[in-house]
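One structure below.
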2 protein chains.
Amino acid sequence: RLKWCVVRRPRTAFTNGQVNLLESVFQVNSYPGIRLREDLAQKLELDEDRIQIWFQNRRAKFRRSFRESSLQFMQK
Amino acid sequence: RLKWCVVRRPRTAFTNGQVNLLESVFQVNSYPGIRLREDLAQKLELDEDRIQIWFQNRRAKFRRSFRESSLQFMQK
DNA sequence: TTTTAATATAATTTC
DNA sequence: GAAATTATATTAAT
C-alpha cells in the first residue's frame with residue numbers, strides 16, 4: 001500500500017572549501033541573484049537551491065549576531 | 001517534499017465471534033468464492049478483502065500443520 | 001564505551 | 001525573503 005509521506009531532505013554537509021567560497025562571496029554580496037547562485041552551484045557542485053538556503057541561513061545568522069551585539073551595547 | 005512510502009494496513013483484530021464463524025465456514029469450505037466472502041463480510045462487518053486474507057492465512061496454517069504432522073509420522 | 005546534553009546549522013514552515 | 005521553528009550532525013562531558 002502506497003501513501004504520500006512528508007520527507008525531509010537529508011542535511012547537506014558542506015565541505016570547508018565550499019563554506020570558504022560561500023563566506024567570501026557573502027562578505028561582498030549577501031543577496032546573490034540567481035545568476036551568481038547558479039554560477040556558485042556549478043563551481044561547488046551543489047544544487048542552486050542549496051546555495052539559496054545557505055544564503056538565507058547565513059543572513060539570518062548575521063542578523064541574529066547583529067541583534068545580539070546591539071542588545072549588549074544597549075545593556076551597558 | 002513528498003515521497004511514496006509503503007504503509008502497512010493496521011492489523012485487524014478479529015473478535016472471537018468473527019473467528020468462530022470463519023472457522024466453522026472453513027471446516028466445510030476452505031476456498032469460499034466471492035459470493036460467500038461478500039456474504040460473510042456483511043454478516044461480520046468486515047471488508048471482503050479481510051475475509052479473503054483470513055482464508056489465505058488459514059489455509060497456510062492448515063498446510064503447515066499438515067506438513068508438520070506428516071513429518072512427525074515419517075520420523076516414527 | 002555508551003549515553004546524554006549542548007551547539008551549530010541545514011531544512012522547513014509561516015507570514 | 002524574514003523570522004521562527006524543527007531536525008540532525010558534531011562535540012563535549014559523563
Side-chain angles (χ1 to χ4, degrees), chain A, chain B residues 1-23 26 32 34 37-72 74-75:
Chain A
R1 308 198 63 68
L2 288 174
K3 192 188 178 182
W4 283 113
C5 299
V6 179
V7 141
R8 210 170 236 263
R9 164 190 295 280
R11 189 184 170 106
T12 302
F14 297 103
T15 65
N16 285 344
Q18 287 170 331
V19 173
N20 287 345
L21 180 49
L22 291 167
E23 287 287 354
S24 64
V25 171
F26 185 81
Q27 285 202 344
V28 297
N29 181 4
S30 55
Y31 289 86
I34 180 65
R35 210 52 163 291
L36 178 48
R37 292 199 309 266
E38 293 282 18
D39 202 44
L40 284 168
Q42 189 173 3
K43 279 201 178 62
L44 298 174
E45 294 183 311
L46 291 166
D47 286 342
E48 183 274 324
D49 42 345
R50 289 318 88 212
I51 308 286
Q52 179 159 8
I53 296 295
W54 187 90
F55 275 89
Q56 283 180 10
N57 285 323
R58 188 62 188 78
R59 287 193 298 268
K61 178 182 177 178
F62 176 73
R63 286 187 298 267
R64 209 157 46 235
S65 66
F66 180 75
R67 268 196 300 275
E68 277 162 20
S69 57
S70 306
L71 211 65
Q72 284 174 8
F73 174 74
M74 291 190 292
Q75 283 174 346
K76 278 184 186 167
Chain B
R1 299 171 57 73
L2 289 174
K3 189 188 180 183
W4 283 113
C5 299
V6 178
V7 141
R8 242 169 211 265
R9 162 187 299 280
R11 190 184 168 105
T12 303
F14 297 103
T15 65
N16 283 344
Q18 288 169 332
V19 174
N20 287 345
L21 180 49
L22 290 167
E23 285 287 357
F26 185 81
I34 181 62
R37 292 198 310 266
E38 291 282 17
D39 203 43
L40 284 167
Q42 190 174 4
K43 280 202 176 62
L44 299 174
E45 294 181 311
L46 290 166
D47 287 342
E48 182 273 323
D49 42 345
R50 289 318 87 213
I51 309 286
Q52 178 157 15
I53 296 296
W54 187 91
F55 275 91
Q56 281 178 13
N57 286 327
R58 188 63 188 80
R59 289 193 297 269
K61 178 180 177 178
F62 176 73
R63 283 191 299 269
R64 206 158 47 238
S65 67
F66 179 73
R67 265 198 301 276
E68 276 163 19
S69 57
S70 308
L71 212 65
Q72 282 172 11
M74 290 192 292
Q75 282 173 346

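Naming: A, B, ... by sequence-line order, numbering from 1 per chain.
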Can you confirm whether B:Asn57 is buried at CG, in the sense that more than 12 heavy atoms of other residues, nucleotides or ligands lie under 6.0 Å from that atom? yes
Taking atom CD as the centre, does B:Gln56 end up with more than 12 heavy-atom neighbours from other residues, nucleotides or ligands that are less than 6.0 angstrom away? yes
Got a salt bridge between A:Asp39 and A:Arg35, using NZ or NE/NH1/NH2 to carboxylate O under 4.0 Å? no
For A:Ala41 and A:Asp47, which heavy atoms make the closest approach, and how far apart are they? CB-C, 4.1 Å
For nucleotides 5-15 of chain C, just jot down a letter per nucleotide in 5' to 3' order: B, S or -, based on protein non-hydrogen atoms under 4.0 Å. ---BBBBB---
Quick check on A:Asn29: does its CG atom have over 12 non-hydrogen neighbours (other residues, nucleotides or ligands) under 6.0 Å away? yes
Partner of D:dT14 by Watson-Crick or G-U wobble geometry, both contacts under 3.5 Å, or none? none
